[in-house]
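One-based numbering, in listed order, for ligands and for the atoms of each.
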Amino acid sequence: MLGIGLVIVALFVIYYTYLLMKWKYPKINGVPVHLPPGSMGLPLIGETIQLLIPSYNSIDIHPFIRKRIQRYGPIFRTNLVGRPIIVSADPEVNKYIFSQEGHLVEMWYLDSFAKLFAFEGESKVTAIGRVHRYLRGITLNHFGGENLREKMLPQIEATVNSNLCKWSTQGAVEVKSAISRMIFNFTAKVAFGYDVENSKAETIESLPNFIQSLMSFPLNIPGTTFHKCMKDKEKMSNMVRQIMKERFNSPDKRPGDFLDQAINDMASEKFLTEDFIAELAFGILFAAFESVSTTLTLALKFLSENPHVLEELTAENQAVLRKRENPDSQLTWEEYKTMTFTQSVINETLRLMNIPPGLLRKALKDINVKGYTIPAGWTIMLVTPIVHLNPETYKDPLEFNPWRWKDLDQVTLSKSFMPFGGGTRQCAGAEFSKLYMAAFLHVLVTKYRWSKVKGGRITRSPILLFPDGVHVKLTSKRD
Ligand code: HEM
């Protein structure tokens, strides 16, 4: 009996060791693969726990990445949430991988993102080719180009004015939440005519914490953070579906917005189902409110800690008003283009922000880089923030110093500044975001005195978060 027991244990150990070796040293067609150095951690969880340990109050990239670059070099392997991953902090490799979108790699995000955004199936919004071209085109059509100059700038200024006016009548305002709501309402209005004042749609409670929820385990059962997030996503999708229904019922009432274009294109683009349009609208809202609110919150934190920067920012924006015939007239595109210090404050914030530790792709085929193989099916994390913190380009890289942007030339920036990603997947909302943030800062510093009253701590766990928020108090300069 004991003998049989020992044989079973021995077989189990041999099988487990076999799985472990297969896990740690994969082969392609029976030939061992030359993987980058690194550790695959424990089966199933890999090194996930190490990545999730928060780093407090340092704007540097997460220590998980920093330490492994020091130990293994800029390309290393790991395993996160059960997925084998090659992490690249090598700018040359990153550029190559970006150029291979749709050939050797495709966009891939976490399982929680995949579930939330319906990333699977034929018309997944991460698809390449026609669907991708459509996604870019429709976003740029409504959030870019001429539309920005002609139509959006006055709308942005008006919405910022009314929101900041409200904030100034309240006590302290937690800016991450308040800006998330402001940008959500604005984007939803532009995209599908959502009118927050008169809408009967349910409130989206988890809005300010959406990205945090996405880092949770994708377990969609009541009581979990992920479940709450999925519920709120459902509310947003229902809101879009309801508006779509109203538009189908009243074809004469068409404002010609993002949703109208999508409805009109349903006849020519087969993938444009009602479900897909709801996904698309939700994707745009998410891309907008999460990233713009984090950038502006971080900018306010930096400004409150660097009064000399706030002084120069205020001086530049007040000079814009002084040059006008009517100081109460609206911000123009030409004025926006002259606000170079404001743009430097935004760039410097984007350089240090780096919300996720890197951008994710999936290898569609075996890829050979720098003598290593990235096996097909593996995830690739492109640590784009590494170039933002290179001391050869940015002296004292962890310092918030908007003046440095005066001396940075376009050629350097094309290689060393990529907050909006790279290659064909570069952010389609970049110009809109920069304009929105500049208009926000313009209204804030010309019309209000403000100070931080609470919060301001940051963590990377591994995404950038504000655990106690950033609370500011505004008073009108006219009071
Ligand atoms: C500070 C603000 C923003 C930042 C830092 C940012 C950053 C990024 C990054 C890094 C990517 C590339 C993702 C990847 O390659 O995996 C991206 C893609 C994208 N962003 Fe943004 N984003 C911002 C605001 C916005 C806004 C306001 C919108 C919409 C109005 C938007 C729409 C998109 C879209 C549609 C894509 C996908 C583009 C494609 O696949 O071709 N983003 N963004």
*Give yes or no for whether the N/O distance cutoff of 3.5 Å, strictly under, is met between Arg361 and ligand 1.*
yes
*Is Arg425 close to ligand 1, meaning an N/O of one under 3.5 Å from an N/O of the other?*
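Right, the criterion is met.
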_Donor-acceptor check, side chain of Arg361 to backbone of Leu104, threshold 3.5 angstrom: yes or no?_
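Looks like no, no N/O pair under 3.5 Å.
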_Quick one: does any side-chain atom of Thr159 pair with a main-chain N or O of Ile156 as donor and acceptor, under 3.5 Å?_
no
Can you tell me which portion of [X] lies within the under-4.0 Å heavy-atom range of ligand 1? Options are side chain, backbone, both, or neither.
{"X": "Arg136", "value": "side chain"}
{"X": "Ala287", "value": "both"}
{"X": "Phe432", "value": "side chain"}
{"X": "Thr424", "value": "backbone"}
{"X": "Phe143", "value": "side chain"}

Do the ring planes of [X] and [Y] sit parallel (below 30°), tilted (30 to 60°) or perpendicular (above 60°)?
{"X": "Phe432", "Y": "Phe186", "result": "parallel"}
{"X": "Phe400", "Y": "Phe302", "result": "parallel"}
{"X": "Tyr72", "Y": "Phe76", "result": "tilted"}
{"X": "Trp403", "Y": "His308", "result": "parallel"}

_Could you tell me, atom by atom, which parts of ligand 1 come under 4.0 Å of a heavy atom of His132?_
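Ligand 1 atoms under the 4.0 Å threshold to His132: 39 (C), 40 (O), 41 (O).
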*Element-labelled atoms of ligand 1 that are located less than 4.0 Å from some non-hydrogen atom of Gly421*: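 Once the distances to Gly421 are compared, the set is 10 (C).
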